[in-house]
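See below for the structure under consideration.
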Amino acid sequence: MSHELVLVLDFGGQYNQLIARRVREHKIYCEVKSYKTPIEEIKAMNPKGIIFTGGPNSVYLDDSPRMDREILELGIPVLGICYGAQFLVYALGGVIEPAHDASLSEYGKTECEIDTSSPLFDGLEKNTIVWMSHNDYISKVPDGFKSIGHSVKCPYGAMADEERKLYGVQFHPEVNHTVQGFDMLGNFLTKICGCRGDWTMESYAETAIRDIRAKVGDGKALLALSGGVDSSVACKLLAKAIGSQLTCIFVDHGLMRKNEGDEVEAAFADSGVNFVRVNAGERFLSKLAGVEEPERKRKIIGEEFIRVFEEEAKKIGKVDYLVQGTIYPDVIESGLGDAAVIKSHHNVGGLPDYVDFKEIIEPLRLLFKDEVRALGTTLGLDEKLVWRQPFPGPGLAIRIIGDITPEKVATLQDADAIFREEIANAGLDRSINQYFAVLTNMRSVGVMGDGRTYDYTLALRGVSTSDFMTADFSRIPYDVLEKVSVRIVNEVKNINRIVYDITSKPPATIEWE
């Protein structure tokens with residue numbers, strides 16, 4: 001795929017993916033690479049621009065991440081952000097000093113005056129709010145640089161050597177707290193790097209379909225379809241590329257949300273692929289009978305899924321390619337820079353050894369989650385699947401506290417469906433990042449009509465998050481919660497009390513088990 005490329009070089013910053021996301025929002029393709037990436041590899045990638053990320057280190061310390069200054073002599077426009085700006089200064093002979101005086105460090109929203117005659121700030125308001133987060137400061141800029149932005153504490157809040165197209169900002173333009181940050185990045189990309197913006201889902205889909213057809217030829221491909229966003233979009237893309245040469249195995253373990261198995265099957269009924277639905281609910285529930293410990297539930301479900309997949313895969317015969325729904329954050333988590341390997345080829349890790357694949361196809365590996373959703377919409381995937389809420393592999397098994405029975409599964413499915421329906425009716429289904437119901441193992445006394453009840457407590461959970469690493473509980477309006485509560489208690493048997501989880505992550509996790 002040939003697109004304009006902007007390269008983000010990561011120095012250990014917490015916002016590396018967010019920077020890439022912001023670049024792509026300007027319809028410009030972007031990749032995140034480690035600062036350790038060899039210069040020759042960077043040259044071969046032929047980027048239109050380079051962005052240095054922030055990072056937690058002090059650039060003047062011996063063990064801090066640094067690159068060869070040759071990166072600044074390639075004639076490629078560079079934007080350094082926070083630590084990236086300090087590396088720029090340090091590499092070119094400027095001076096970075098620790099802020100021993102607390103008055104020199106800056107954290108949070110900061111008023112900044114910018115020079116709107118600079119192409120980086122062209123067309124913006126002169127006085128603006130930016131997000132600062134630095135404990136070191138630039139005391140002297142290199143030769144050829146000038147200040148193009150300052151705050152009360154920071155004379156070099158932004159700097160530029162405009163002849164060499166080298167820019168640095170001490171703040172973070174990629175975060176929403178920097179009011180004009182999106183436009184600042186847009187100026188760098190278009191007015192300084194000269195990007196046109198050719199990264200669209202339509203062009204991505206066309207190119208991906210062409211590449212898949214060329215790779216697969218007359219071969220066959222196999223996809224383990226979970227019904228999640230990533231695997232569903234991957235299936236839709238492969239369906240358009242190779243049609244009946246693809247087989248999708250959808251293992252319905254009986255622990256999905258209400259009607260979800262039918263919705264997944266309906267979405268691919270006329271897709272042209274060989275769709276195999278395995279209804280294995282009784283099989284999974286029998287294995288889980290009497291099991292209460294969360295990790296045991298997960299392991300039992302994971303192993304049984306592989307056994308079912310093995311049995312179905314054997315019926316297909318020789319398959320040349322395995323399709324994975326790996327997305328770009330998974331690639332980064334597989335060991336970018338100095339980061340620990342979080343997961344590597346996570347979708348294929350448990351698949352049976354006997355399936356002899358020629359190659360693995362990962363058609364989404366360049367995309368972020370929001371881009372995967374956009375691609376799904378472009379391909380015509382059912383909106384219910386495109387905007388499907390994140391759902392754990394073990395399904396409702398880890399949203400039922402304690403032992404699992406068919407009756408409990410049905411109860412939770414009904415209650416969860418009401419919660420999701422009312423959230424959608426209130427127009428909150430796109431603003432709350434994840435919301436679901438949990439059937440606790442706690443029973444309490446209640447009264448319905450003139451009679452005493454002794455039934456289960458249902459917990460509702462809703463969170464707001466940008467990365468699912470941390471999360472805050474969502475402030476769902478009381479009238480919405482009240483409507484959900486009234487409906488569930490009246491329409492779902494065996495529940496007489498509703499509670500709402502107001503714990504953030506950390507200390508809690510998003511899921512209960």
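Remember, it's a predicted structure, so these values are computed and weren't measured experimentally. Reckoned from all heavy atoms, side chains included, excluding hydrogens, waters and symmetry mates.
Environment of NZ in K483: sparse, with no more than 12 heavy atoms of neighbouring residues, nucleotides or ligands closer than 6.0 Å. Within 6.0 Å of CZ on R296 lie no more than 12 heavy atoms contributed by other residues, nucleotides or ligands. Other residues, nucleotides and ligands contribute over 12 non-hydrogen atoms within 6.0 Å of the CG atom of D479. Atom CG of N490 has more than 12 neighbouring heavy atoms from other residues, nucleotides or ligands inside a 6.0 Å radius. More than 12 heavy atoms of other residues, nucleotides or ligands sit less than 6.0 Å from atom CD of E293.
Nearest heavy atoms, L385 versus S232: CD1-OG, 4.1 Å. Residues I510 and F436 approach most closely at O-CZ, 3.3 Å, considering heavy atoms. What you find for V323 and P363 is that their closest heavy atoms are CG1-CD, 4.1 Å. Residues I28 and C195 share a closest heavy-atom pair of CD1-CB, 3.5 Å. The minimum heavy-atom distance between V175 and W131, with the atom names listed, is CG2-CB, 3.6 Å. Closest of all the heavy-atom pairs between A267 and D382 is CB-CB, 4.3 Å.
Judged by distance alone, the side chains of Q434 and E511 do bring a donor and an acceptor atom under 3.5 Å apart. The closest side-chain donor-acceptor pair between E362 and Q324 falls under 3.5 angstrom. Between the side chains of S464 and S474, at least one donor N or O sits under 3.5 Å from an acceptor N or O. With 3.5 Å as the limit, one finds a donor-acceptor pair spanning the side chains of W512 and D501. When only modelled atom types and interatomic distance are considered, N425 and R420 share no side-chain donor-acceptor pair under 3.5 Å. Side-chain polar atoms of D472 and S504 form a donor-acceptor pair below 3.5 angstrom. T326 and R365 share no donor-acceptor pair across their side chains, judged by distance under 3.5 Å alone.
Contacts classified as salt bridge (charged side-chain N to carboxylate O under 4.0 Å, His left out) and involving residues 388-398 (residues at least two apart or in different chains) are given here: E260-R388.
Looking only at side-chain heavy atoms (C-beta outward), Y83 and P65 come within less than 4.5 Å of each other. When side chains are defined from C-beta on, V308 counts as touching F284, because their heavy atoms get closer than 4.5 Å. Using a 4.5 Å heavy-atom cutoff, the side chains of D403 and K408 are in contact. Using a 4.5 Å cut-off on side-chain heavy atoms (C-beta onward), V463 and I432 make no contact. Side-chain contact between I361 and V216: present, with at least one pair of heavy atoms (C-beta onward) separated by less than 4.5 Å. Side-chain atoms of I495 and D455, non-hydrogen and from C-beta on, never get closer than 4.5 Å to each other. Within the 4.5 Å cutoff, the side chain of E359 has no heavy atoms near those of the D320 side chain.
A donor-acceptor contact shorter than 3.5 Å links the side chain of R497 to the backbone of V445. Judged by distance alone, with hydrogens and angles left aside, the side-chain atoms of R443 form no donor-acceptor pair with the main-chain N or O of N441 at under 3.5 Å. Judged by distance alone, with hydrogens and angles left aside, the side-chain atoms of Q389 form a donor-acceptor pair with the main-chain N or O of Y435 at under 3.5 Å. Side chain of Y321 to main chain of K215: a donor-acceptor pair is present (N/O by atom type, distance under 3.5 Å, no hydrogens or angles). H26 places a side-chain N or O within 3.5 Å of a backbone atom of F182 that can act as its donor or acceptor partner. Put simply, the side chain of K297 gets close to the backbone of G402: a donor and an acceptor are under 3.5 Å apart. Checked by atom type and distance alone, the side chain of T247 never pairs as donor or acceptor with a backbone atom of L222 at under 3.5 Å. In this structure a side-chain-to-backbone donor-acceptor pair under 3.5 Å is missing from Y456 to S444.
Among V480, V484, L458, I498, the one residue that satisfies the side chain to side chain contact (heavy atoms under 4.5 Å, CB included) test with F419 is V484. A side chain to side chain contact (heavy atoms under 4.5 Å, CB included) with L225 holds for exactly one of V276, I249, V264; it is V264.
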>> salt bridge (Lys or Arg N to Asp or Glu O under 4.0 Å) for R283 and E311? Distances and angles first, verdict last.
In response: CA-CA 13 Å; R283 175 172 175 169; E311 293 168 12; 2.9 Å; yes

> Would L255 and I400 count as a side-chain contact (heavy atoms from CB on, under 4.5 Å) if you check the C-alpha gap in whole Å, the side-chain angles of each, and the deciding distance to 0.1 Å?
Replying inline: CA-CA 10 Å; L255 296 162; I400 296 175; 5.5 Å; no

>> Before you tell me yes or no, could you show the steps for E25 and R22 under salt bridge (Lys or Arg N to Asp or Glu O under 4.0 Å), namely the whole-Å CA-CA distance, both residues' side-chain angles and the distance that decides it to 0.1 Å?
In response: CA-CA 5 Å; E25 285 171 356; R22 293 289 179 258; 3.1 Å; yes

>> Is there a salt bridge (Lys or Arg N to Asp or Glu O under 4.0 Å) between E421 and R487? Walk through the geometry before answering.
In response: CA-CA 11 Å; E421 181 182 337; R487 281 196 61 192; 3.4 Å; yes

>> salt bridge (Lys or Arg N to Asp or Glu O under 4.0 Å) for D414 and K258? Distances and angles first, verdict last.
In response: CA-CA 7 Å; D414 288 341; K258 189 172 183 177; 3.1 Å; yes

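With sequence neighbours left out, the side chain to side chain donor-acceptor pair (under 3.5 Å) criterion links S226 to S231. Partners of E202 according to the side chain to side chain contact (heavy atoms under 4.5 Å, CB included) rule, which considers only residues two or more places apart in sequence or in another chain, are T200, T378. With sequence neighbours left out, K43 forms a side chain to side chain contact (heavy atoms under 4.5 Å, CB included) with I39, E40, E70, L74.
For the atom pair CD (Q413) and CZ (R257), the distance works out to 10.5 Å, reported to the nearest 0.5 Å. Rounded to the nearest 0.5 angstrom, M67 CE and S34 OG are separated by 8.0 Å. Rounded to the nearest 0.5 angstrom, D218 CG and K220 NZ are separated by 11.5 Å. For the atom pair NE2 of H253 and CD1 of I300, the computed distance is 13.0 Å after rounding to the nearest 0.5 Å. Atom CZ of R21 is separated from atom SG of C30 by 11.5 Å, given to the nearest 0.5 angstrom.
Geometric assessment of R307 against the ring of F305 yields a negative cation-pi assignment under the 6.0 Å and 45° thresholds. Within the cation-pi definition used here (under 6.0 Å to the ring centroid, within 45° of the axis), R277 does not qualify as a partner of F250.
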Can you list, pair by pair, the side-chain donor-acceptor contacts under 3.5 Å of residues 44-57, counting residues two or more places apart and other chains?
| from | atom 1 | to | atom 2 | distance (Å) |
| --- | --- | --- | --- | --- |
| T53 | OG1 | D10 | OD1 | 3.2 |
| T53 | OG1 | F11 | N | 2.9 |

Which atom pairs, one a donor and one an acceptor, fall under 3.5 Å between side chains of residues 237-246 and the rest of the protein, sequence neighbours left out?
| from | atom 1 | to | atom 2 | distance (Å) |
| --- | --- | --- | --- | --- |
| Q245 | NE2 | G217 | O | 2.8 |
| Q245 | NE2 | G219 | O | 2.8 |

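Checked against the 6.0 Å centroid criterion, the rings of Y15 and H172 qualify as a close aromatic pair.
No salt bridge links E513 with R399; every basic N to acidic carboxylate O contact stays at or beyond 4.0 Å.
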